[in-house]
Amino acid sequence: MSKERKETLAVEDTWPIGAYMYKGPKLYNEIVEGFKRKKIIASLCTGCGRVFFPPRNICGRCWRKIDARREVSDVGTITSFTISPEIKRGQVKVLGLDPVEAGIVKDGERLIMVYVNFDGTDTNYATVLLNAKPEEVHVGMRVKAVWKEKPEGLLSDMEGVEPIRKESTQ
Amino acid sequence: MWRNVAVIGVGQTKHGRRRDVNTAEMISEAAWRAIEDAEIAPEDIDAIVIGNMQGFGGICQAELWAGDWIGAPGKSVLRVATGGTTGGSVAQAAMYSVISGLYDVVLAIGFEKHSDSKEPGATTGLAHVGLANLFYMFNYGAPMRALFALSGGVGAAAGVSSYQAMFYMHRSGCRIEHYDMVAAKSRRNAAKNEYAHLQWPNCTPDDIAKTPMVAYPLRFGHICPASDGASAIIVASEEIARRVDRPAWVKGLAACADEENQMGENAQGVGILDTSEQLQCRIAAMKAYEMAKIRNPREEIDVAEIYQPFPHQELMYAEKLMLFDDGKAWIALEEGETEIDGRIPIDPSGGVLSTNAIGSSAMQRVAECALQIMGKAGKHQVPKDVKNAVAHGWGGSTNFTVVTVLGDAPRR
Amino acid sequence: MSEEEIVRAKSPIPFSAGFRWSVGEVMEHFIKSLGERKILGGKCPRCGYTYVPPRNRCGKCYSEIKPENLTELSGKGVLVGYTIAHVELDGVGNIKDLEEPLVIGAVKLDGADSTIFVPIGEVKPEEVKSGMRVEVAWREETEGEIGDIKYFKPAG
Amino acid sequence: MGVRRVAIVGYAQTKHQWDMPKTREDMVFEVAKGAAEMAGVTREEIDTVINASSDYLDGRTISELFLTMPSGAYLKDYTKTEMDGAFAALYGVMKILAGTHDVALIVANTQGSTFNPHQVSYHMLDPTFDRQLKVLNDMAIAAIQARMYMDKYGVAEEEVAMVSVKNLWCAAKNPNAHRKMPGVTVEDVLGSKMLYEPIRELMMSPVSDGACAVVLASEEKARKLTDNPVWIEGVGSSQDFYVRDRNLQRLEALEKAARRAYRMAGIKDPFAEIDVAEVTERYAHEELMIYEALGFCEEGKARRLVDNYVTWLGGQMPVNPSGGALGADPITATGLIRIVEAAKQIRGEAGAYQVPEVRRALAHGQAGICAQSNIVFILGGEE
């Protein structure tokens, strides 16, 4: 392209996306009630037999509402993972927050984010892998939920998952 | 009932950082090039189909304002938007408009102007895909760590895609080096495409391998840019298309949607365990090929334009489009089969990895296929007689697929 | 049922997405000229339709309009329609009462074919009439921004 | 219309209301499923699902993404028209006419309670100029339009208020309508809160939550599904110039859209040949302008149709017996609701607001500020 592209003036405005109000079902009430007891409550579609965690209230394949509930194991398998680079102070901002400043991650920490298929479910649950080094994580790794000592009925009661070490099984 | 239609004109803007124009001017640049390319008068156009992702450019239904630049007043204007698939969905809506017999000549435009957003890259628009889900989870005391992991730790789309890239590696046995090869090929091809954004002549896999890891297994060099740009095609009835030298005939078109690929509404669970499975792409491909009477895509498809903002997607979707056995595309890549002069060139334009103006991207796949058939692709024209070309697009959370088959002769 | 069946989810912190639209060549001329207290129109070289603000493509006859087709307008015109606003949107979706009613007018500038929608000042709402002559009122320091147009006022 | 004909074989809508205590997902599931059940089609028989919603109204990029499953689109051809559902219906008609699809499910939804649609209208303005002035939105420009139209043709505020009274009386009879004010009077309308002169609260559509779904089928399929199909005899759509460069005193785009629809349906005298019309009037004065654009009367004479009760329920040409958009306005669903209401009139299902002996009905949808983009459907019953 021979024509020179000159940068032109810009005018500004905003989209107040933070002012929107969204409506959700009370499905997560059941999750956090279960978490309080260190249990995972999933939903079961009696049409196709699939078990969802987090729960789902409409099965698109059967095109029907899902009402049944089922308690599932807090042990599962890593189906996929991704690893962040070292997250440094002042490097990224999420929703205006610096995760290091906000105390969400430690300075220089590498987060291992995993999809976990809890035994007895047909879904992935996205969470973080704790107590493991980035180089050990692999697809197929068996993991167990890490619960807060005193659960409060919050999603954060499940802090993540950790590898099931040989010595800790059976 | 079905009547044959063809793409008779193509127009693209230079994609990249386009601070020299406003959105309306950028759209019109592509539209008028397409009109000139088709050698028709603007009055000949009966209807317009247009689309982009509104949140990325901060304008709601931009065609209401920008329509005046492209001759929209007095015409039927349909806005179609489906995420990444937008351009492909727009192109197909234009095709159905003419096939239906309601219109004879339709202008289809896809566009995006990412640089108008103040946030870097495409984060504004992408974050808003799942924003409601995040707020929902906040209500239940979601752990900030996990939310950070979901939303921004690895960048919204890159997040979903890095999991998918891992799934694909696990499924196919390919390695990160293959992703480097795809990315390098894309940059090299883009250097031959005057409209492409990231152009890097002679880029090697080693060059890509030197870029930092963003979200293992994806490197910085594996990630598409956020471009500004618009692309357009003119779709016309057989009668009108016959006046053109070598139109690109629409032989098959299909779209298909699967269950969401990461989470459902309000962060509900979804029953897809392996996001590289891509059942909907296989179904759309089968439907489109059947319509096009293509029985053996490996033999009959001469060139493919695949929507691949991330390199594993070129390999994964090439398999789902039945151009290679499942899990074997990386072997063809190693052997150079997918190069511009290879047996089955994939993304000779450089594809989405090198140019991604979201609403324009899937439209460009159709436009590039049309150019290859018309023999007007210039420096990235594949050195063979192109009889059939397949254009692909993915959207949603990689759970939407559009597949369009164009050919050098009408469907029989 | 007294208890709601749903959960309401909102952002825990107020925030918005920011945009900075590049305006293109002819619009840049228009905006910069406001700094010199000039209003430019874009006159189609083929059909003569004059756009305010200017644009680079004629919507009526599809001709290109180039910077050399920009013409200075007097800044005076006719109020062809108006409304008296008693409320306003606060930007985040609430309709709020205005303390003082605001006149918003449709103004056809002399020499222009477009109608612009602008606030009208220095006039009592009850004295506004369609057909009255108006002119641009500049803000004290003009800087080459849209905000240089303070409002339109009855022509003196 | 060509070789194939397209029929409406099923539909459903929510009870539109302010701040519905339901998720978007549940709302869509209900209407999509309801329409399919009425049509007697299983999910397997649906070939394409077309969603109508807007990322700006919903506050979600790819607003249809999470509606894939509730709307029955699993492994289906699925797309979105980001404008009124009536345009989605047009796309459905095109897919069926193309012969590639036999059954199309159209689903439109908006929850105005998510974010004020009037605020969204501000984001439709030219960002390089009109938005920078900060004071404009659809209400302000509609008010200017109302003033210009009323001044030009000598229309009194009472006459505009009559349109509201007419539609709100009907809305009170419609179980799905949102704004129910039985017995509302012109005084009530003129006594309602002044927003942008001359537009008062009751002259403007309410902000509603709602959804609507329609099942379209090819003639062959429709004959198998129902004895009472509603045929799409004509459709036309057109967009006007951006608000700065159009004639605000007329709805020229609607005139063009209507002309196309009439031509397709073979209508020469719309007033005589159409029995009932359902139109999208976001503002009371807009309905008057719509009459003129649809050719129901001469330019500037629309007020007489209201004054003389011609367009009232029981009149010669009832318009909006369902209450129209003034009765309920879940933005992207509103035009599709008009199609449903027109179909109900043809099938004699409109109950308390049924117009006697309807053979042919008109439905109108719009998008943009001051009805910039318009679509007209002509529907007909069996001969």
Check your understanding: How far apart are the closest heavy atoms of G60(A) and Y74(D), and which atoms are they?
Key -> O-CB, 3.7 Å
**Study point:** Which portion of V120(D) sits near chain A, non-hydrogen atoms under 4.5 angstrom
**Key:** side chain
Check your understanding: Contact part of Q111(D) toward chain A, heavy-atom cut-off under 4.5 Å: side chain, backbone, both or neither?
Key -> side chain
Review point. Side-chain contact, heavy-atom cut-off 4.5 Å: Y20(A) with Y56(D)?
Key: yes
Check your understanding: Is there side-chain contact between K23(A) and T114(D), with at least one heavy-atom pair below 4.5 Å?
Key -> no
Point to revise | Check: Y122(D)/D13(A) side-chain N/O donor and acceptor closer than 3.5 Å | key: yes
Review point. Can you find a heavy atom in the side chain of C62(A) that is under 4.5 Å from one in the side chain of R43(D)?
Key: no
**Study point:** T8(A), part contacting chain D, at a heavy-atom distance under 4.5 Å
**Key:** neither
Check your understanding: Any side-chain heavy-atom pair from H123(D) and T14(A) closer than 4.5 angstrom?
Key -> no
Revision key, fill the gap. Heavy-atom nearest pair, T128(D) first then V11(A), reads CA-CG2, 3.8 Å
Check your understanding: Are M69(D) and R56(A) close enough that some pair of their side-chain heavy atoms sits under 4.5 Å apart?
Key -> yes
Check your understanding: With a 4.5 Å limit on heavy-atom distance, are the side chains of I46(D) and W63(A) in contact?
Key -> yes
Practice item. Report yes if some heavy atom in the side chain of K65(A) is under 4.5 Å from a heavy atom in the side chain of F29(D); otherwise report no. Key: yes
